[in-house]
There are 2 protein chains.
Amino acid sequence: MAGRQGQGGGTPSKGQGRDPAGLDFPRPLTTVDVVIFTIRLDALQVLLVRRGHGDGEPFPDAFALPGGFVDVDKDADLDACARRKLAEKTGVVSPYLEQLGSWGSAHRDPRGWSATHAYFALIPASAAEAALAADAQWFPLAGLGVTPKLAFDHAEILQAAVQRLRNKVEYTSLPAYLMPEEFTLPELQRTYEIVLDRPLEKSAFRTRMLSADLIEPIEKMRKGPNRPAQLYRLKPAATPVYFARTFNAPE
Amino acid sequence: MAGRQGQGGGTPSKGQGRDPAGLDFPRPLTTVDVVIFTIRLDALQVLLVRRGHGDGEPFPDAFALPGGFVDVDKDADLDACARRKLAEKTGVVSPYLEQLGSWGSAHRDPRGWSATHAYFALIPASAAEAALAADAQWFPLAGLGVTPKLAFDHAEILQAAVQRLRNKVEYTSLPAYLMPEEFTLPELQRTYEIVLDRPLEKSAFRTRMLSADLIEPIEKMRKGPNRPAQLYRLKPAATPVYFARTFNAPE
DNA sequence: TTAATAGTGTCTATGAGACATTATCGG
DNA sequence: CCGATAATGTCTCATAGACACTATTAA
């Protein structure tokens, strides 16, 4: 119990080497998965990749969240690993990226004890269409999940991501990260409504957004077959805004 | 890139074995750390353990968060691992326990690429005194940290835990988990004030707590040299309550 | 002119902040 | 009685919700 408790004991050793001095015990597999959201076709969508079917590959041909093993040579840290996986599948390099949580157990991967560090990312629809990987595909959300059966415990992770997103959208400006460069207030409101799956009051919404130090009008209007709308963009230092109240009291 | 991407490839294999069919690459170390909070001596305190100083032990004799390697035989999942570590140090078996996040990088542990899954726990002062491990010790929080220098990146993890706790206390009933079985409303308010490090309005506080479905009065009063106070206890199904507003608008 | 959507204003309800007032104990 | 703390009440203010109303474009 000595060395192994408290991260103690043992001679330093890299990798999984069977060094004799204290680190010689089985290590779990370490992966990172990313739940990537966007708004497409007036719906909240999530990116999934189809798994291969070689050798002992678990969940062959099933859909899964983009992700995979941490590469101790390529990845300086977990965030970098998540960004790498996001970029590989979408080409997007600076998304809104947030840690979601971790899932680890003896049985979630048939190959052995494994733990995944899950992230969730928000990217604008435009970026979502550009450089998509061949094995990647967008799926609209149905409730808290998606129609295809997912590999591993990814359905559970996806559900947690959707709940976290919906919850935070009640009192933050997160949906702003789903918008293109330029957008109107009604378009931003529509994004909120899609994510929350319920209509919002127009005037309360506008008051909240305009009094937050979040967006600024640009010298341009969105033209259409009706009254033109003021275009806005995110202010430069666009860290998410937290509001002091939720949109309406949970029943 | 085939097998290793997307958690793919390879014959199932337990532990860190050098199996030839796809899982033969270095694995990060996997640990779990727990930030354990309580209220002691009218202050928010955190439990730290002193590290050993054997062999190649990193950060000898430094203080650190309770934690250590995941044991793929003992621990069914990450939560169980966190509970085990909490119980080993405090004897507490059913605390409020929440995942905080994970920290992983090539350099946080001199022994190699490592990732820790951090949790935070809230326990009542009473439980905090009972079965404390010999190497464990309570430290009052000073700002976002603690006076001794901590091992690894534990100062950063502790800071994140304090921020998360303070933040959530603004709109949740989390401090209820720091209270003994029976408590009065002014005592609960005092706990909020200690965690937030600022005074709260009595009447607003009472209205909020009493209208939440959180506590119930018992047939007993707290006597003292002044007007007795109604005693309350947590309602049985005591999942944390989320309020629709924060206590007062952040400036 | 009309249809459609953008944007503003008005009224109400809720709950927090500030603070005064009353209640109930020991001494 | 007094000091102390518990508990309640009153007033104001901010903001969400509901919804009416005005504004500006294309056709």
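Letters go in sequence order (proteins before strands), and every chain restarts at 1. The basis for the numbers below is simple: all heavy atoms, side chains too, and nothing from hydrogens, waters or symmetry mates. Just so it is clear, the structure is predicted and the values come from calculations on it, not from any experiment.
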- Query: Any side-chain heavy-atom pair from B/H154 and B/R108 closer than 4.5 angstrom?
  - Reply: yes
- Closer than 4.0 Å, any side-chain N/O of A/R208 to the OP1 or OP2 of D/dA16? yes
- When you look at CD of B/E181, are more than 12 heavy atoms from neighbouring residues, nucleotides or ligands closer to it than 6.0 Å? no
- Value in whole Å for how far the C1' atom of D/dA4 lies from NZ of B/K202: 11 Å
- Take the protein atom CG of A/L210 and the nucleotide atom C1' of D/dT15, then report the distance between them rounded to whole Å. 14 Å
- Message: Among residues 215-230 of chain B, which ones have heavy-atom contacts with DNA chain D below 4.0 Å?
- Response: B/P225, B/N226, B/R227, B/P228, B/A229, B/Q230
- Using a cut-off of 4.0 Å on non-hydrogen atoms, how would the nucleic acid contact of A/S203 be classed: base, sugar-phosphate, or nothing? base
- Under 3.5 Å side-chain donor-acceptor pair for B/Y96 and B/E98: yes
- Message: Between A/E170 and A/R166, does any NZ, NE, NH1 or NH2 come within less than 4.0 Å of an OD or OE carboxylate oxygen?
- Response: no
- d(CZ, B/F247; C1', C/dA18) in whole Å: 15 Å
- Base, sugar-phosphate, or nothing for A/R206, non-hydrogen atoms under 4.0 angstrom? base
- Which parts of residues 181-193 of chain B get close to DNA chain D, meaning a heavy atom less than 4.0 angstrom away? B/P186
- Message: What is the separation between atom CZ on A/R198 and atom P on D/dA16, rounded to the nearest whole Å?
- Response: 13 Å
- Would you mind reading off the distance between B/E201 atom CD and D/dA7 atom C1', rounded to a whole angstrom? 14 Å
- Note on the structure: Taking for B/Y232 and for B/R245 the nucleotide of DNA chain D with the nearest heavy atom, the one nearer the 5' end belongs to B/Y232
- Which value, rounded to the nearest 0.5 Å, describes the distance between B/I123 atom CD1 and B/L97 atom CG? 11.0 Å
- Donor-acceptor pair, side chain of B/R164 and main chain of B/L100, under 3.5 angstrom: yes
- Message: From CE of B/M209 over to C1' of D/dA7, roughly how many Å is that when rounded to an integer?
- Response: 16 Å
- Can you find a heavy atom in the side chain of A/L47 that is under 4.5 Å from one in the side chain of A/V34? no
- Salt-bridge criterion met for B/K85 and B/D33 (N-O under 4.0 Å): no
- Query: Taking CG from B/L231 and C1' from D/dA7, how many angstroms apart are they, rounded to a whole number?
  - Reply: 15 Å
- Integer-rounded Å distance: C/dA18 P and B/F205 CZ: 16 Å
- Is the closest side-chain heavy-atom distance between B/Q230 and B/L185 below 4.5 Å? no
